[in-house]
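Presented below is the structure to which this report refers.
Proteins come first, then strands; the chains are lettered A, B, ... in the order of their sequence lines, and each starts at number 1. Keep in mind it's a predicted model, so treat the numbers as computed, not measured.
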Number of protein chains: 2
Amino acid sequence: MKITNRLSWKYVRDEIHHEILSGRYGPGDRLPRDADIADQLNCARSTVQRAMQDLSDIGLVERRRKGGTRVHPEPVTRATLDIPITRHEVEKKGGRYGYQLIMQEEMSATRTVLAAFELTSPVSMLRIEALHLSDNRPYMLEDRWVCLDTVPEIRDVDLKIQSANEWLVLNRPYSRCDLRFYAISADQKMSEMLGAKIGDALLLIERSTWIDGAPITTVKTITTPGYQLLTSS
Amino acid sequence: MKITNRLSWKYVRDEIHHEILSGRYGPGDRLPRDADIADQLNCARSTVQRAMQDLSDIGLVERRRKGGTRVHPEPVTRATLDIPITRHEVEKKGGRYGYQLIMQEEMSATRTVLAAFELTSPVSMLRIEALHLSDNRPYMLEDRWVCLDTVPEIRDVDLKIQSANEWLVLNRPYSRCDLRFYAISADQKMSEMLGAKIGDALLLIERSTWIDGAPITTVKTITTPGYQLLTSS
DNA sequence: TGACATTTTAAGTAGCTACATATTACCGTT
DNA sequence: AACGGTAATATGTAGCTACTTAAAATGTCA
């Protein structure tokens, strides 16, 4: 049985992380050069490079050619959010998923929608309103605009059967995605749709996607009162 | 002038990404093995490995030893959020930062707070309420609990001068951070503090941090009506 | 002293080899 | 057909070398 004396780059990463956590290096402090750390830990520079890359990715350190590596002077809390397909989200929570198409209509994009896509000239779009259900109770209301120039095939999809959410995610990968979170008060229509009271505070998630610069879809999803969005890790 | 015919791993990554975006490979489909892609693109397997690692990180593909690489069958929207120190956030938006300590008191953690930390036995904590200002107007209200066992030094910090937010981020790195987003209606107190109307929908961000399993702090931040949280890019 | 060019440095990238490890695939036995 | 052990295989990790590149440090000259 050979005991591996090789170091994984994750070990090296954690070693450096701990050095920082311990207070040995504070915000703005410069760390030794990769080669020296490699020397000290008796591993290759490439291993340290990989470890440092990761620490840089999570925002803990800042690396610059010639400048060396230093602990990030303005630490940020960096979090990763996973937003799944709504059907999967409901089913993962143990609910039975349901879906209702409220309306669908071809029309020209409003100024608000154009703004979300950073466009100025008018574009023809498919506007969709739909309600996602969990165990026959309202779960999420979605107000979606799909760009017909970019995704003409959406016209051939029966949105009474399959949700635009799922069809798009499965068939139209994106290269850019902007997210926006804020709170709104339920108006008359929302409260009816979601079974909430008028004035209830609701979390709104707005998402816009592009493929190579061309707009795909922008959607506002509103969830029932009390809904919480959590980080993945 | 020598033109570099070397491929950057990012180029390889984007190449593969485009193959997926183009529809050549759909959700669940298996991609060629790294070695073959390397062959085809005339680069080293390690370059493909790096590219694939990245695609795996963003959740686009799934990789398994021997199983090969396949396009993620349940695509998720993966977003990265950066939450900066509040002072930096205000200053970046061009506001003049201000800060008021509302109250600070040593007390035992409530059940809610213990639950946030996944604890059961009582812990003594420092409870802090503070208001962050932008150009002398309310910007963010924070309701914080700091674990005195883990961070006894907080007692020596003059929280009337320096915000706990900033002191903690700069002096107490964490190894785990949970985030939670939801919407609430402004009550009497919140509306007074934030200059909002009672019932206004507000975005609440809850954040709890640990260091090697020991709780550091949990904080609820409430921002003024209309506040939006955006993804970094 | 200040502006500008040159050198030096430390990280970034790429390629190669070698070996580790987790699964899948296969085959023989019962 | 069910089971179990073995081989095959694709990705993961580590180390090495070589070269590239951005930027800091230094030196030079007006």
Considering only NZ, NE, NH1 and NH2 on the basic side and carboxylate oxygens on the acidic side, decide whether A/K220 and A/D143 come within less than 4.0 Å.
no
At under 4.0 Å, does any side-chain N or O of B/Q49 touch on OP1 or OP2 of D/dG12?
yes
Pairing stems for DNA chain C [at least three consecutive pairs; Watson-Crick or G-U; under 3.5 angstrom]
C:1-30 with D:1-30
Find the distance A/W9:CH2 to D/dG12:P and express it as a whole number of Å.
11 Å
Donor + acceptor pair across side chains of B/D178, B/S208 (<3.5 Å)
no
Quick check for you: among C/dA10, C/dC19, D/dC16, whose closest atom lies nearest to any side-chain atom of A/A44?
D/dC16
For residues B/Y99 and B/H132, establish whether the separation of their ring centroids is below 6.0 Å.
yes
So does A/T69 get a side-chain nitrogen or oxygen closer than 4.0 Å to the phosphate oxygens (OP1/OP2) of C/dA11?
yes
With sequence neighbours excluded, residues passing side-chain hydrogen bond (donor to acceptor under 3.5 Å, both in side chains) with A/R180:
B/Q228
Which pairs, with at least one residue in residues 111-121 of chain A and sequence neighbours excluded, count as a side-chain hydrogen bond (donor to acceptor under 3.5 Å, both in side chains)?
A/E118-A/R176
To the nearest angstrom, how far is A/R45 atom CZ from D/dC19 atom C1'?
11 Å
Residues A/R172, A/E153: salt bridge by 4.0 Å N-O rule:
yes
What pairs of nitrogen or oxygen atoms, one from the protein and one from nucleotides 22-24 of chain D, lie under 3.5 Å apart?
from: D/dA24; atom 1: OP1; to: A/R64; atom 2: NH2; distance (Å): 2.7

Ring pair (Phe, Tyr, Trp, His ring centres under 6.0 Å) partners of A/F117, counting only residues at least two apart:
A/W210
Classify the side-chain pair A/S163/A/R87 by whether it contains a donor and acceptor separated by less than 3.5 Å.
no
Round to the nearest Å and state the distance from A/D36 atom CG to C/dA11 atom C1'.
13 Å
Spacing between B/R33 atom CZ and C/dA22 atom P, to the nearest angstrom:
20 Å
Please, which pairs that meet salt bridge (Lys or Arg N to Asp or Glu O under 4.0 Å) have at least one residue in residues 22-47 of chain B, sequence neighbours excluded?
B/E19-B/R24, B/R33-B/D36, B/D34-B/R63
Whole angstroms only, please: what is the CG-P distance between A/D57 and C/dG12?
10 Å
Touch class at under 4.0 angstrom, heavy-atom based, for B/R30 against every strand present
sugar-phosphate
A/D34 CG to C/dT13 P: how many Å, rounded?
12 Å
Atom-to-atom span, CZ of B/R70 to P of D/dA10 - whole angstrom
13 Å
Of B/K10, B/R13, B/H17, B/Q49, which meets side chain to side chain donor-acceptor pair (under 3.5 Å) against B/D54?
B/R13
Name the residue closer to the 5' end of DNA chain D, choosing between B/L31 and B/S46 according to the nucleotide with the nearest heavy atom.
B/L31
Separation of C/dA10 atom C1' from A/D39 atom CG, nearest Å, is 15 Å
Donor/acceptor link under 3.5 angstrom from B/R50 side chain onto base of D/dG12
no
Distance test, side-chain N/O of B/T47 to OP1/OP2 of C/dT13, below 4.0 Å
no
Which nucleotide in the list D/dG15, C/dG12, D/dT13 gets nearest to the side chain of A/Q53?
C/dG12
